[in-house]
Protein chains: 2
Amino acid sequence: MTCAESEPALTPADQKSPLITLTDVAAEAGVGESTVSRVLRNHGSFSEKTRAKVMAAVEKLGYVPNKIAGALASTGSPLVAIIVPSLSNIVFADVLSGVTKALEAKGHQAVFAVTDYDPAKEEALVAAVLAWRPAAVMLVGLEHTDGTRRMLHASGCRVLELLDIDGEAIDIAVGFSHHEAGRQTAARLLESGYRNIAYVGHDLKHDMRSGKRFAGFLEGLANAGLELAEQEIRDAPSSVSEGRAGLADVLSRGRPIDAVYFSNDDMALGGYFHCLAERISIPDQIALMGFNALDICRHTPQPIASVFTPRIETGRRAAELFLEGAPSQVVDLGFTIVAGATI
Amino acid sequence: MTCAESEPALTPADQKSPLITLTDVAAEAGVGESTVSRVLRNHGSFSEKTRAKVMAAVEKLGYVPNKIAGALASTGSPLVAIIVPSLSNIVFADVLSGVTKALEAKGHQAVFAVTDYDPAKEEALVAAVLAWRPAAVMLVGLEHTDGTRRMLHASGCRVLELLDIDGEAIDIAVGFSHHEAGRQTAARLLESGYRNIAYVGHDLKHDMRSGKRFAGFLEGLANAGLELAEQEIRDAPSSVSEGRAGLADVLSRGRPIDAVYFSNDDMALGGYFHCLAERISIPDQIALMGFNALDICRHTPQPIASVFTPRIETGRRAAELFLEGAPSQVVDLGFTIVAGATI
DNA sequence: TTGTATGCGTTATCAC
DNA sequence: GTGATAACGCATACAA
């Protein structure tokens, strides 16, 4: 942490000093280039003495190996591409955390992009990241354009599809069944005696997984010979405000409602806030159920009933499977219904 | 979107088919390699006829340019490294969104890493990303180890420090003054007549910026000849639960408190929930003030007073300055106090 | 307008 | 244990 010499007053952009290369280090250490390479990667054989010489030279020159060149010369790439629909939803940030944490321990680098839930944009981004010859591409969900699939197939790199297993996987899929989650949620509400059930959701056009949960939920109701009493599907991404407005809308229609299923916890939290503001008693007058079991909803005055989803675990597991060189497979990490105090 | 031929049943990992290169395309199109390169980058001159030939060959072979090779051959790298402290805090996800959105439009790729608020880990990550010879490195905050600074200086790439301007910038800093935000927050509470003010915060050891806000807040009180009535600093990252527990703790001490300043909105939301649970009237019995003006806190039954911070804008602006090749500078994007209904 | 040759900074394959 | 040398796939003069 000592820095005896004062830094030059140059802007980083100014100094055009050609960066130190392997060749410089070799010259400084008085050894061959391949020896430096071997020492630095701790690969092959060399004497302790040369090792010291090389390390001294590296230290003295402040050499940082150029991975661009390394990746080109060697066969395998240490890059992993991660493409998520959004970052405003904490769910994807969690997955990203899980992935990067597992990856950086093994010296891999994450290359990152956001699709905004647009399959066409996803295709463009896949093309862009594929140009970096990543060892693996991680995507969210199983729904992709034909072009995306084709490129992925042709690339020859591993493909990890996260957070969904309801469908055909390209290579490896890690997640859980949203359809089943919806179905079990319906069963849970019915079990508690609710019969006049409403749904408040966000745009299922773009978020395919919330659509699958909804379908599963309807199936769960149908199994008991029931239908939804009311439904309100907002034409916007999920948010607290949409959830709040959505519940207000449903209740304004006057039909008796005793439970509401929200497309996720952000929406459910909005509904919860509406009830607080309108002094609607929970769960006596209305029961609320969300999805994801976000930390925030566990600390509301009444914890909101939800479904815990293994998000960080999904990211971590996917990274591990890739690192292990695991064969193509589908990994079901499951989910857990969390009762809370709102049902 | 048509896919006439059925895909081979091979696992992506199986097919070792050597990928298509520029040379293959050149051969297929019956032109030279440089011609293909020029057409693909739309740089230099070529006839419309050869362009068509090249594009046809590219299409037919499904060629994807290798940017690794491209980056090595050309001088500049299209990679931008982004290193954030965490992703569980939506603030950094916002910044990341802003950055990537502005970047991808210009064909740049984001390389990404998370420090977990650990300066030593940040140093290691900076070393790791520098190996990819990025055109720029984006970091959060102005506090870094000497080693980090030295590497950054030596790298010769642009350095963008985000979300803070209280201190010495390496190259370009984009953000606002946390010290000033804290000071103005104190002034605002005093203006509303509050005098028995408590602070509930999270670990300032790691989150330097919350420490700066706290210092500014204390200064603001001192300017009016006041001191904090109570303070509770949790030894954990900010979260709703810590905020809730922190406020409970402060109130349990029995001293009269009429306003509480939280280190951020996550903490403030926890405090708000505590008040709801304990039927503490807001702002009559206690006023609450947070920081960041997160969307979620704008939709609670009573919107929580806070300070809006330009997070996405910070990311966007930083990316733009880099893209413009702007000179070293400090950009103050400011902040805005949002009254809400809790003060 | 187009093709050829050289180099980018490594890794890997050899001889030594 | 060590050091030349040939790839790696592309961009960039430069020549044609």
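Convention: sequence-line order gives letters A, B, ...; per-chain numbering from 1.
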Query raised in the report: Do any N or O atoms from the side chain of B:E161 and from the backbone of B:I170 form a donor-acceptor pair under 3.5 angstrom?
Result: yes
Query - Distance in angstrom units between B:D24 CG and D:dC8 C1', rounded - result: 13 Å
Report task. Determine the contact category for A:S74: base if any of its heavy atoms lies under 4.0 Å from a base atom, sugar-phosphate if only primed atoms, P, OP1 or OP2 are that close, otherwise nothing. Result -> sugar-phosphate
Report task. Please determine, by modelled atom types, if A:T50 and A:S47 share a side-chain donor-acceptor pair under 3.5 angstrom. Result -> yes
Query raised in the report: D:dG3, D:dG9, C:dT2: which one has an atom nearest the side-chain heavy atoms of B:A73?
Result: D:dG9
Query raised in the report: Sub-3.5 Å donor-acceptor pair from the side chain of A:Q329 to the main-chain atoms of A:P327, do we have one?
Result: yes
Report task. Would you indicate which nucleotide in D:dT2, D:dC10, C:dG9 comes nearest to any side-chain atom of B:Y63? Result -> D:dC10
Query raised in the report: Would one find a side-chain N or O of B:S34 under 4.0 angstrom from OP1 or OP2 of D:dA11?
Result: no
**Report entry** Interatomic distance where CG belongs to B:L130 and C1' belongs to C:dG9 [whole Å]
**Finding:** 16 Å
Query - Value rounded to 0.5 Å, distance of OG1 in B:T314 from CG in B:D164 - result: 10.5 Å
Query raised in the report: How about B:T145 and B:R149: does a side-chain donor come under 3.5 Å of a side-chain acceptor?
Result: no
Query raised in the report: What is the distance from CG of A:N66 to C1' of C:dG7, rounded to the nearest Å?
Result: 14 Å
Requested in this report: Give one of base, sugar-phosphate or nothing for A:L22, where a contact means two heavy atoms less than 4.0 Å apart.
Outcome: base
Requested in this report: Assess whether atom CD of A:E324 is packed by more than 12 heavy atoms of other residues, nucleotides or ligands within 6.0 Å.
Outcome: yes
Requested in this report: Report the residue (B:G30 or B:R133) whose heavy-atom-nearest nucleotide on DNA chain C is the more 5′ of the two.
Outcome: B:G30
Requested in this report: Report yes if a donor N or O on one partner sits less than 3.5 Å from an acceptor N or O on the other, where the partners are the side chain of B:R38 and the base of C:dG3; otherwise report no.
Outcome: yes
Query raised in the report: Which part of the nucleic acid, if any, lies within reach of B:T21 when heavy atoms closer than 4.0 Å are counted: base, sugar-phosphate only, or nothing?
Result: sugar-phosphate
Requested in this report: Considering just the side-chain nitrogens and oxygens of B:S37, establish if one lies under 4.0 Å of OP1 or OP2 belonging to D:dA11.
Outcome: yes
Requested in this report: Quick one: label B:S47 by what it contacts on the DNA or RNA (base, sugar-phosphate, nothing), any heavy atom closer than 4.0 Å.
Outcome: sugar-phosphate
Report task. Under 4.0 Å between any heavy atoms, over every strand shown, what does A:R41 touch: base, sugar-phosphate, or nothing? Just pick one. Result -> sugar-phosphate
Requested in this report: Measure from CG on A:L72 to C1' on D:dA6 and round the result to the nearest Å.
Outcome: 13 Å
Report task. Measure from CD1 on B:I20 to C1' on D:dC8 and round the result to the nearest Å. Result -> 16 Å
Report task. Please determine if a side-chain N or O atom of B:T50 lies less than 4.0 Å away from the OP1 or OP2 oxygen of C:dT2. Result -> yes
Query raised in the report: Could you give the CD-to-P distance, from B:E48 to C:dT1, as a whole number of Å?
Result: 12 Å
Query - Under 3.5 Å side-chain donor-acceptor pair for B:E122 and B:H144 - result: yes
**Report entry** Under 3.5 Å donor-acceptor, A:N66 side chain and A:A69 backbone
**Finding:** yes
Query - Length of the line joining A:F46:CZ and C:dC16:C1', which is rounded to integer Å - result: 20 Å
Requested in this report: Starting from the first five and the last five pairs of the helix from C:dT1-D:dA16 to C:dC16-D:dG1, work out the angle between the resulting helix axes, to 10 degrees.
Outcome: 40°
**Report entry** Proximity to the side chain of A:A69 - top-ranked nucleotide from D:dT2, D:dA11, C:dG9
**Finding:** C:dG9
Report summary line: Atom CD of A:E33 and atom C1' of C:dG9 are separated, to the nearest Å, by 9 Å
